[in-house]
*Asks:* 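Attaching a single structure in structure tokens format; questions to follow.
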Amino acid sequence: MKPFVNYITATVLFAILFVSCAKDRGPRLIVTVIEEDGTPAVGATVHAWPTDGPFECGSCVVDEERMDKSTVTDASGVAMIDFKYSAVLDVEVVYYKEGLDSMLQPIITDTLSGKKVVKIEQKRQRSKKNNYNETVIVK
């Protein structure tokens with residue numbers, strides 16, 4: 001009977017430690033870039049940086065170098081950027097729209113852009129609860 005009680009106790013302790021050790025992560029900005037007609041902007045450059053840095057977040061100072069990030073949208077027009085701290089960010093998107101010339105070669109036919117100001121906050125949350133979804137329309 002005693003080994004069974006020890007087994008149950010060890011199992012309960014392991015379960016408590018396993019569940020309580022999940023890692024928190026910083027805020028994630030998910031930017032969906034679309035054209036005015038609703039078409040996803042594939043390959044658009046997304047640049048996010050603090051509006052008037054450096055910012056204070058409790059006991060830390062967030063400098064612009066850590067928070068200035070760029071990426072490119074995927075095949076569905078979505079770009080994900082992970083940050084470490086809370087901030088108010090300028091998000092600027094540049095999209096070089098491609099078309100075909102008379103010889104059916106791809107060429108850039110137009111340069112579209114969009115801009116938005118977003119706020120992200122660092123919270124003690126896990127996974128999807130710390131995502132900030134924004135849509136930028138390029139014109």
*Asks:* Between H47 and D90, is any side-chain donor less than 3.5 angstrom from a side-chain acceptor?
*Replies:*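 Their side chains do not contain a donor-acceptor pair, so the 3.5 Å distance test is not met.
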*Asks:* For K115, enumerate each residue passing the salt bridge (charged side-chain N to carboxylate O under 4.0 Å, His left out) test, keeping only those at least two apart in sequence or located in another chain.
*Replies:*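 By the salt bridge (charged side-chain N to carboxylate O under 4.0 Å, His left out) rule, K115 matches no residue at all.
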*Asks:* Any salt bridge (charged side-chain N to carboxylate O under 4.0 Å, His left out) involving residues 27-49? Give me the pairs, sequence neighbours left out, ordered by first then second residue.
*Replies:*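 Residue pairs passing salt bridge (charged side-chain N to carboxylate O under 4.0 Å, His left out), neighbours aside: R28-D82, E35-K97.
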*Asks:* Are Q122 and F83 side-chain neighbours, meaning at least one heavy-atom pair lies under 4.5 Å?
*Replies:* no
*Asks:* Mind checking the CD1-OG1 spacing from I34 to T39? Nearest 0.5 Å is all I need.
*Replies:*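 One finds 8.5 Å between CD1 of I34 and OG1 of T39.
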*Asks:* Would you indicate whether the side-chain heavy atoms of K119 and Y132 approach each other to under 4.5 Å?
*Replies:* no
*Asks:* Membership question, hydrophobic clusters at under 4.5 Å side-chain separation (ILVMFWY): are M67 and I81 in the same one?
*Replies:* yes
*Asks:* Give, for atom OG1 of T109 and atom OH of Y96, the distance between the pair rounded to the nearest 0.5 Å.
*Replies:*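 So the gap between those two atoms works out to 13.0 Å.
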*Asks:* When rounded to the nearest 0.5 angstrom, what distance separates CG in N130 from CG in L29?
*Replies:*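 Nearest 0.5 Å value for the CG-CG distance: 11.5 Å.
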*Asks:* Taking side chain as C-beta onward, heavy atoms only, is N133 less than 4.5 Å from T32?
*Replies:* no
*Asks:* Can you see which heavy atom on G114 is nearest to which on V138, and at what distance?
*Replies:* N-CG1, 4.0 Å
*Asks:* Other than M103, what residues sit in its cluster of Ile, Leu, Val, Met, Phe, Trp and Tyr side chains whose heavy atoms are under 4.5 Å apart, directly or through others?
*Replies:* none
*Asks:* Hydrophobic clusters join Ile, Leu, Val, Met, Phe, Trp and Tyr when side-chain heavy atoms are under 4.5 Å apart, directly or via other members; which others share one with V78?
*Replies:* I30, M80
*Asks:* Does one hydrophobic cluster hold both V46 and I137, with members joined at side-chain heavy-atom distances below 4.5 Å?
*Replies:*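 No, it is not one cluster - the side chains of V46 and I137 are not joined through contacts under 4.5 Å.
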*Asks:* Return the OH to CG distance between Y95 and D110, rounded to the nearest 0.5 Å.
*Replies:*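 Y95 atom OH to D110 atom CG measures 10.0 Å (nearest 0.5 Å).
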*Asks:* Tell me whether W49 shares a hydrophobic cluster with V94, the cluster being built from Ile, Leu, Val, Met, Phe, Trp, Tyr side chains joined at under 4.5 Å.
*Replies:* no
*Asks:* Shortest non-hydrogen contact from P106 to E98?
*Replies:*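 Result for this residue pair: CB-OE1, 4.1 Å.
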*Asks:* With sequence neighbours left out, what residues match K116 under salt bridge (charged side-chain N to carboxylate O under 4.0 Å, His left out)?
*Replies:* E134
*Asks:* Looking at every heavy atom in both A79 and T71, which two are closest together, and how far apart are they?
*Replies:* CB-CG2, 3.6 Å
*Asks:* Under 3.5 Å, is there a donor-acceptor pair between the side chain of T73 and the main chain of G43?
*Replies:*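 At least one qualifying donor-acceptor pair exists.
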*Asks:* What residues join V42 in its hydrophobic cluster, counting side-chain heavy atom gaps under 4.5 Å, either direct or through other members?
*Replies:*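 ILVMFWY cluster around V42 holds nothing else.
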